[in-house]
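Keep in mind that the numbers below use all heavy atoms, side chains included, and drop hydrogens, waters and symmetry copies.
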Amino acid sequence: MGLYVRGTGARPLSRTDYGPGGEDQGRMGFWFVVGVVLLWFVYKRRSAGARRVVIFLALVGAAIFGTDAVSNSSSVLLALAYVGQAIPLMFAPVRRHVAAERD
């Protein structure tokens with residue numbers, strides 16, 4: 001059939017970099033837990049310090065991937081994702097939330 005091109009189904013998988021055989025699973029899990037704990041501190045404990053740490057780490061990630069964006073198109077998306085993580089935490093409602101006294 002003319003509609004089926006052999007090998008097209010594997011193309012997206014071949015372009016995805018999953019790293020060296022899952023050796024980074026522990027590090028990825030660690031940073032996931034760190035992110036969840038920091039966001040919990042921002043949301044439940046109203047921690048301005050945790051909010052600043054999340055914003056700082058997001059902007060550092062955006063800078064790191066932004067410098068690679070010239071040569072790598074997927075780095076553009078990652079840089080935008082990091083910026084997208086930081087921007088909502090800079091808005092006034094979140095600032096008021098962390099500045100409010102605990103009940």
Shared hydrophobic cluster for [X] and [Y] (ILVMFWY, side-chain gaps under 4.5 Å):
X     : Y     : result
Val54 : Leu57 : yes
Val83 : Ile64 : no
Phe56 : Phe30 : yes
Val94 : Met90 : yes
Ile87 : Tyr43 : no

Quick one: CZ on Phe65 to CG on Leu77, what's the gap to the nearest 0.5 Å?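 Answer for the CZ-CG pair, Phe65 versus Leu77, is 11.5 Å.
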Kindly compute the distance separating OG (Ser47) from CG (Leu39), expressed to the nearest 0.5 Å. 11.0 Å
Could you tell me whether the side chain of Val33 reaches within less than 4.5 Å of the side chain of Val37, counting heavy atoms only?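 They are in side-chain contact.
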Do Leu38 and Val42 have side chains that get closer than 4.5 Å, going by heavy atoms?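 No, every pair of side-chain atoms sits at 4.5 Å or beyond.
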Atom CH2 of Trp31 with >12 non-hydrogen neighbours under 6.0 angstrom: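 No.
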Could you walk me through whether Ile55 and Leu59 pass the side chain to side chain contact (heavy atoms under 4.5 Å, CB included) check? CA-CA 6 Å; Ile55 291 171; Leu59 293 178; 3.9 Å; yes
Tightest non-hydrogen contact, residues Gly66 and Ala79, listed as N-CB, 3.8 Å
Check whether Arg46 reaches the backbone of Ala99 with its side chain - one donor and one acceptor, N or O, closer than 3.5 Å. no
